[in-house]
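Written out below as structure tokens is the structure these notes cover.
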Amino acid sequence: MSDPRLLIVTGKGGVGKTTVTAAIGRATSRAGLRTLLVETASPGRLANVLRVPSLEAEPRPVGERLDAVALDADRALASFVQSLVPLRLLSNALLASDTFRIVAAAVPGIAEAAMLSQLLAWLEPRGLRRPAWDRIVLDAPASGHSAPLLSTPETLGGIASVGPLGTSLRRMSEWLRDPARTRAFVVAIPEAWAVAEAAELRAVLRDEVRVPLAPPIANAVFPRRFAAADEERLLSERAAGSVDDRLIAAGLYFLRRRGDEKSHLRELRRATGEIPVELPFVFDPDVRLDRLDPVAAAIAEVLP
Amino acid sequence: MSAKRSRTTNGDAGALDAWLDGVRVLVCLGPGGVGKTTTAASIAIAAAMAGRRVAVLTVDPAARLKDALDLPELPGTLHRVPLPDSARGSLDAVLLDAKGLFDALVRRLAPSDDLAERIVRNPVYRNVAGAFAGSDAYMALEQVLDLASDPGHDLVVVDTPPASHALELFDAPQKILALLQSRALEYLEDPTRILGNATSRIARGVLSGVVMALERMTGLTLMRDLSSLASDFAEVAPRFRERATAIRDLLHAPTTRYALVTAPDPHGADDVLAFTGEVDRLGIRCDAVIVNRVLSLDVPDASAPPPRRRAGGSGGERPGLPVALSRRLVECAADLAAISEGQRRVVERLREGLDALDLARGGTSPRLWLELPALRPAPVTLPAITDLAGRLGAIPTEHPRPAPRAGRRS
């Protein structure tokens, strides 16, 4: 048993947020913590890694001590309206009307607010019920969309002072700023664009949203297999023609890719002022939970 | 120039030119993080090198790409990109700015300046504008329409927001037309009409409760602002309707073609097929597929014999590769082969999925398939992107599929 914690995984599209989310779930569930994985974007990816046909709006088990759920903005908004309008017939008529969609869109951040209050319901169930999970891992939207989502309690909570949504936004805001309960993982891969974006996103999350940050995560890092001196050796072997050229080429690719990645890892460290956590590249073409153990082991060191 | 030319491209750069012949607008679609912006830029450069007068519209480029294309700070304005002397055409780049553009559009379409100002200053205008138009997506199309009717360009290359938002792109004109034709705008002036015939007191009571809750949450006089916006907007609506119709026509014009940009990542095929399926239902087909970041190394089969070692043992002048080093090389080759195998499977699934889609439609012309190599470091400078453009050698359409490799599990 442990007090619940919220782990938020974010970063630019294509850096492997879903893989990192799954690997965190693998690590925490195997450490004995009941874990819920929450998908918010790219429907189908998490289900694919978890080897289930799809994720539903209700949490469902996907492994030992491991559950998963899809958190959808439209559905969250619908359940929020249903909580305001108890008559199902009326709430459905309201949700189906164009006008309501326009009105809803006119309220800044209402869909995000509805998503966060659903998240809060999982973190802090109503009444005397105990939380069903020790860890909730949020596979958050890509960079450009995660800051608005996470800053909703601030932009909307300030004016939403009353009512059920106001209350849950205030509580969510406390969650999002509490270093004892929440940690955001900004994921990058060792490439220039991803590093630049991760550094920018961390600055926004830290200074504007004020979410406690985990060390920067460098995903999909190639292994170091050679010493610097090996390059010369491989080149001379290639010149001598003593070994299959393609093998030499494979070795040189690793060497040079590692060299290129190292410069981006250094830049990530410089730009964030923190030592990145390096997660190993998964070569296996089948990305699935039980193949993510090396990734899970690497990230376990920085999990709260 | 290209030491690492992809194995599967044959260097026939003419295929892309031929495919682009007669095309006025090329829309690049695909998921986020696959290098869509870079790819769109390289296609634009390739076409400009071959003599087209190209405008490329980019959405949200990374800072370094912005620098590479020398994009102006001011979004929405054309900027001439310097190309090598051998270029036979020209390239202008434009950065999309949805926010500024919507205001500009309202100002342009409004019958009077007063009205335009009233709309733009309405407190809920910004958020409502998004609902009206699909915001970014709609504004991208607005700009494409302008560029396409500008005689200074004969090809407009459009980089789009990531796939999930690109659907909004095709929905946007329909959405705005439907909205303008529906009575939703009138209803805004009296929101209780939402409930149609349910005029009972209870219904009205509940609804005004919801509206009050929304108003309390936002601190806005939401309904009053909305209804005044609705009546102001009604005057601009006919012009918007014209534009939306023109945009819809442009999207379905025979001179507009679509290219799917993707990367052979493990999740790639599923995401992309779900997306192309949805686009297909809207009557839009991607006639070209560009697979970006393909590992272009020729790696020995994992089942190949270990590296040859020279006879002569330890004392020779050329002792061959130490066992440890040679083992590491084999390991590297096996890992790269695994990446290649994964990429091959993704591309294969993509082909099968797209073929199935065509079959369901009753068969259509073959697609142009292009592969771009994974480059290290990533191409983020103008020379690097120009080089990439040179690699847009086309695979002949319907090229033979890679034969299953002997002795491999599938």
Side-chain angles (χ1 to χ4, degrees), chain A residues 12-15 18 41-42 44-45 48 81 84-85 87 90 93-94 97-103 105-108 110 142 144 156 159-163 165-166 191-193 196-197 225-226 230 233-234 237 240 242-244 246-251 253-254 256-257 260 283-287, chain B residues 31-34 62-64 124 127-128 130-131 162 164 179 182 184 187-188 191 194-195 198 203 206-207 210 213-214 216-219 222 226 265-267 270-271 274 297-300 307-308 310 318 320-321 325-326 328-333 335-336 338-339 341-342 345 376-378 380:
Chain A
K12 191 174 162 67
V15 297
T18 303
S42 304
R45 286 198 175 192
N48 208 12
V81 168
L84 278 181
V85 184
L87 289 170
L90 285 178
L94 196 61
S97 76
D98 277 348
T99 314
F100 177 76
R101 278 204 291 276
I102 297 169
V103 174
V107 181
I110 185 147
L156 196 50
I159 34 187
S161 47
V162 287
L165 196 59
E191 285 190 32
W193 51 272
E197 185 130 350
R225 293 224 172 107
F226 303 97
D230 288 336
R233 180 70 192 261
L234 291 177
E237 290 292 341
S242 58
V243 178
D244 185 342
R246 296 175 305 173
L247 277 178
I248 300 280
Y253 180 89
F254 264 70
R256 286 168 187 169
R257 175 152 179 169
D260 181 44
F283 291 99
D284 198 315
D286 288 318
V287 180
Chain B
V34 300
R64 288 180 70 181
V124 294
N127 296 296
V128 178
S164 50
L179 190 65
S182 83
Y187 287 173
L188 279 182
I194 290 168
L195 296 171
V206 169
L207 186 70
V210 171
L214 290 174
R216 271 207 309 258
M217 265 169 14
T218 56
L222 193 63
L226 266 172
D265 297 333
H267 304 293
D270 299 304
D271 280 6
L297 272 185
D298 185 15
V299 277
R308 280 174 283 128
R310 270 173 201 281
R318 294 250 309 276
L321 231 42
L325 188 57
S326 121
R328 275 180 281 157
L329 288 182
V330 172
E331 212 180 336
C332 291
D335 284 342
L336 293 180
I339 296 181
E341 172 63 15
R345 279 195 227 165
R376 287 265 163 186
V380 287

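Lettering follows sequence order; numbering is per chain, from 1. This structure is a prediction, so every number in the text was calculated from the model and none was measured.
- Between chain B and the residues A:Gly251, A:Gly14, A:Ala249, A:Pro285, the largest count of heavy-atom pairs under 4.5 Å involves A:Pro285.
- In this structure B:Arg328 satisfies the salt bridge (charged side-chain N to carboxylate O under 4.0 Å, His left out) test together with A:Asp230, sequence neighbours excluded.
- Taking the side chain to side chain donor-acceptor pair (under 3.5 Å) definition, one finds that A:Asp260 meets it with A:His264, B:Arg376, sequence neighbours left out.
- Across every non-hydrogen atom of A:Ile248 and B:Leu329, the tightest pair is CD1-CD1, 4.3 Å.
- The existence of a salt bridge linking A:Arg225 and B:Asp335 is confirmed by a sub-4.0 Å separation between a basic side-chain nitrogen and an acidic carboxylate oxygen.
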From CA spacing to verdict: side-chain contact (heavy atoms from CB on, under 4.5 Å), A:Arg246, B:Leu336: CA-CA 11 Å; A:Arg246 296 175 305 173; B:Leu336 293 180; over 6 Å; no

